[in-house]
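Please read the structure below before turning to the comments.
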Amino acid sequence: MALVTFTGYPSSGKTHRAIQLKGHLDRRLTDPSYSGPKLKVIVLSDDALNIDRSSYNDSLLERTARGALFDAIQRQMGRDTILIIDALNYIKGLRYQLYCAAREFKLRVCTVYVVATPGLCRRWNSERSDGRGYTTETLDNLIARYEEPSSMVRWDSPLFTVPWSESDVPIELIWKAVTEGNVKPPNVGTQAVLKAPSDALHTLEQVSTLLQAVSGVPGGHVTLNLSETLKPRVTLPERSLTLSELQRMKRQFVTVHKKAITLGTVEKGTVDWSEESVAHKFIEYLENNKLIIINK
Ligand code: ADP
Ligand code: MG
């Protein structure tokens, strides 16, 4: 239905505003006078995914964390949901990526820019008692790299700016944007972000978890119990496979296959996203990438 993207400096009050907004939306949607479609409001944030602030101290960890958030966002996008993304979204490219995914799902969009001065953010950050503060260095770094949103570009608009001095969010305007705003059709650029069906992602997750659990056994010949009928014998490396390398493989795999589907190049729409077939293709993919050997 709609995607509300928050953006703002670290510790600028994004979560505070997201809570205010969710409260308003929930009240309006359950009000007897509301006659629109039945909608639920979901807030996704680093905290909802247990992503620690220290991930922002390291660019590789940050990229992994962003990938996890984007995966979660794609899973939650839907016609019956108002999805609020309470995250830094500090790079233009990130906001553009969210916008493209939203168009793909035919969602209405808007951006909420939570503004506080760097000085206030530093103070609020240092005063936090919720364990969700950033280190001073990371905070300054993120502020320096922050790319301001603009109502002139399509992926940030409509844009609602909420300065720290405001007591509340502009609910009337946001409500109008999420319930009446234009829905733009996906364009050529966005069609490549088709998502795999969520059960396919779930299967990939299961295979990764299973592999990680059984890896690290010297001479590792194991049988992977993927399903009733799919139980391949594989040889694993002697070292333990890490969750992050498996996640990377998973993301690459999804990307490769999405391309194949949308461009009709390799498999020409015949990709079978059934559980078995996905699990099988994924372990073949891992073999091609020399992570495992499938014993014939
Ligand atoms: P973010 O989600 O952007 O990291 P939070 O909403 O968690 O920021 O706010 C960080 C800290 O700043 C919290 O302790 C909060 O109470 C305080 N804070 C946020 N917005 C304001 C505001 N407008 N005025 C005063 N304090 C605020
Ligand atoms: Mg927050």
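Being a predicted model, the structure only gives us computed values, none of them experimental. When a ligand or atom number is given, it counts from 1 through the structure's own listing order. What's counted below: heavy atoms across the whole structure, side chains too, no hydrogens, waters or symmetry copies.
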Would you mind writing out the side-chain donor-acceptor pairs for residues 34-46 within the sub-3.5 Å range, not counting sequence neighbours?
unit_1	atom_1	unit_2	atom_2	d
Y34	OH	P37	O	2.6
K40	NZ	D80	OD2	3.3
K40	NZ	T81	OG1	3.4
S45	OG	D47	N	3.3
S45	OG	A48	N	3.0
D46	OD2	Y56	OH	2.5

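- Below the 2.8 Å limit, the Mg ion (ligand 2) has as protein N, O or S neighbours T15 OG1.
- In this structure, T7 contributes its side chain and L88 its backbone to a donor-acceptor pair below 3.5 Å.
- Using modelled atom types, one finds a donor on one side chain and an acceptor on the other under 3.5 Å when comparing E284 with H280.
- Y113 has its ring centre no less than 6.0 Å from the ring centre of F160.
- Under a 3.5 Å cut-off, the side chain of D58 and the backbone N or O of L60 do form a donor-acceptor pair.
- R233 has its side chain out of reach of I294: every pair of non-hydrogen atoms, C-beta onward, lies at least 4.5 Å apart.
- Note on V112 and V178: same hydrophobic cluster, where clusters join Ile, Leu, Val, Met, Phe, Trp and Tyr whose side-chain heavy atoms are under 4.5 Å apart, directly or indirectly.
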Between ligand 1 and the protein, which N/O pairs fall short of 3.5 Å?
unit_1	atom_1	unit_2	atom_2	d
ligand 1	2 (O)	T15	N	2.9
ligand 1	2 (O)	T15	OG1	2.8
ligand 1	3 (O)	S12	N	3.1
ligand 1	3 (O)	G13	N	3.1
ligand 1	3 (O)	K14	N	2.9
ligand 1	3 (O)	K14	NZ	2.7
ligand 1	4 (O)	S11	N	3.1
ligand 1	4 (O)	R128	NH1	3.1
ligand 1	6 (O)	T15	N	3.3
ligand 1	6 (O)	H16	N	2.9
ligand 1	7 (O)	R128	NH2	2.8
ligand 1	8 (O)	G13	N	3.1
ligand 1	23 (N)	W164	O	3.1

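- Applying the ring-ring contact (aromatic ring centres under 6.0 Å, His included) criterion to W155, with sequence neighbours excluded, gives Y96.
- Ring-centre distance between F253 and Y285: below the 6.0 Å cut-off.
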